[in-house]
Amino acid sequence: MRILLDTNIVIDLALQRQPYVEESDQIFSLIEQGLIEGYVSASTLSDLYYIIRKQQGHGWTLKFLKRLTSICSIATVDQAIIAMALNIDFRDFEDAIQYSCAVLNQLDAIVTRNQQDFVSSTLRILTPATLIEELANEQNC
């Protein structure tokens, strides 16, 4: 399964936000084990730097982003993705970019804590808990 990680999942891990960090850590562990392919959108990286740097500082944040990009692939954000995002009915433009990025990069799902941000989606929108549960059920079959 190829998943796009919404920004909040990565921030939960980077800032050790409770009670979410455990599930985010499990998602990244599944990616490192090769059980799923993790992607972050190219536009997310600058958002991550801006948010994480405020609490962790420049050096720590760059080290974190280097590690992130060593285990996750970068999903491109290009003119077609921006055009799609501008023309779909999402309340938040950042979420529209995330959704368009996942669709046009042919990913299977978006993993987010904020499923309500993607109500207009035709793509699978999973919480970390749902993804972890689905993968556990697949392994037990």
Side-chain angles (χ1 to χ4, degrees), residues 1-140:
M1 177 182 286
R2 296 164 20 111
I3 61 162
L4 182 76
L5 297 164
D6 196 11
T7 307
N8 58 58
I9 303 302
V10 181
I11 293 171
D12 291 344
L13 181 67
L15 300 182
Q16 299 288 294
R17 293 197 295 199
Q18 294 296 335
Y20 311 111
V21 66
E22 289 83 13
E23 289 177 346
S24 292
D25 190 45
Q26 286 181 331
I27 298 294
F28 281 95
S29 181
L30 293 167
I31 294 167
E32 288 180 303
Q33 293 171 42
L35 297 173
I36 54 178
E37 291 180 51
Y39 288 78
V40 291
S41 71
S43 61
T44 294
L45 290 171
S46 60
D47 295 340
L48 290 170
Y49 174 79
Y50 177 77
I51 294 165
I52 297 168
R53 178 193 50 84
K54 287 181 178 181
Q55 288 187 29
Q56 300 291 8
H58 172 77
W60 190 96
T61 302
L62 287 182
K63 184 186 264 187
F64 177 84
L65 293 177
K66 286 176 186 176
R67 174 101 172 98
L68 174 67
T69 58
S70 75
I71 64 169
C72 290
S73 298
I74 306 301
T76 60
V77 175
D78 58 15
Q79 187 168 358
I81 288 168
I82 298 301
M84 181 178 175
L86 288 168
N87 288 293
I88 59 176
D89 188 25
F90 274 58
R91 288 189 331 223
D92 185 273
F93 185 60
E94 180 185 1
D95 294 332
I97 292 173
Q98 294 284 72
Y99 176 76
S100 301
C101 185
V103 169
L104 294 181
N105 281 277
Q106 301 176 338
L107 303 182
D108 300 310
I110 296 173
V111 177
T112 183
R113 282 190 291 102
N114 302 324
Q115 288 180 297
Q116 71 279 2
D117 293 343
F118 298 92
V119 292
S120 302
S121 175
T122 57
L123 191 67
R124 291 186 72 204
I125 307 298
L126 304 171
T127 64
T130 303
L131 176 60
I132 292 164
E133 183 179 326
E134 281 187 15
L135 291 173
N137 289 339
E138 285 178 15
Q139 290 179 343
N140 291 332

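This one's a predicted model, so the numbers in the text were calculated from it and none came from an experiment.
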Check: [Y] main-chain N/O paired with [X] side-chain donor or acceptor under 3.5 Å:
X      : Y     : result
Ser24  : Val21 : no
Glu32  : Ile71 : no
Asp108 : Arg2  : yes

Heavy-atom side-chain contact between [X] and [Y] under 4.5 Å:
X      : Y      : answer
Ile74  : Val40  : yes
Glu134 : Met1   : yes
Ile81  : Asn105 : yes
Arg17  : Asn8   : yes
Phe64  : Val10  : yes

- Query: Are Ser41 and Tyr99 linked by a side-chain donor-acceptor pair shorter than 3.5 Å?
  - Reply: no
- Query: Would Gln33 and Ser29 satisfy side-chain hydrogen bond (donor to acceptor under 3.5 Å, both in side chains), going step by step from the backbone distance to the final call?
  - Reply: CA-CA 6 Å; Gln33 293 171 42; Ser29 181; 2.9 Å; yes
Would you compute the distance between atom [atom1] of [X] and atom [atom2] of [Y] and round it to the nearest 0.5 angstrom?
X      : Y      : atom1 : atom2 : result
Glu22  : Gln16  : CD    : CD    : 8.5 Å
Leu5   : Ile11  : CG    : CD1   : 12.0 Å
Thr130 : Leu135 : OG1   : CG    : 11.0 Å
Leu131 : Leu30  : CG    : CG    : 6.5 Å

- Message: Does Gln116 have more than 12 heavy atoms from other residues, nucleotides or ligands lying within 6.0 Å of its CD?
- Response: yes
- Pick from Asp92, Thr112, Thr44: which one makes a side chain to side chain donor-acceptor pair (under 3.5 Å) with Gln98? Thr44
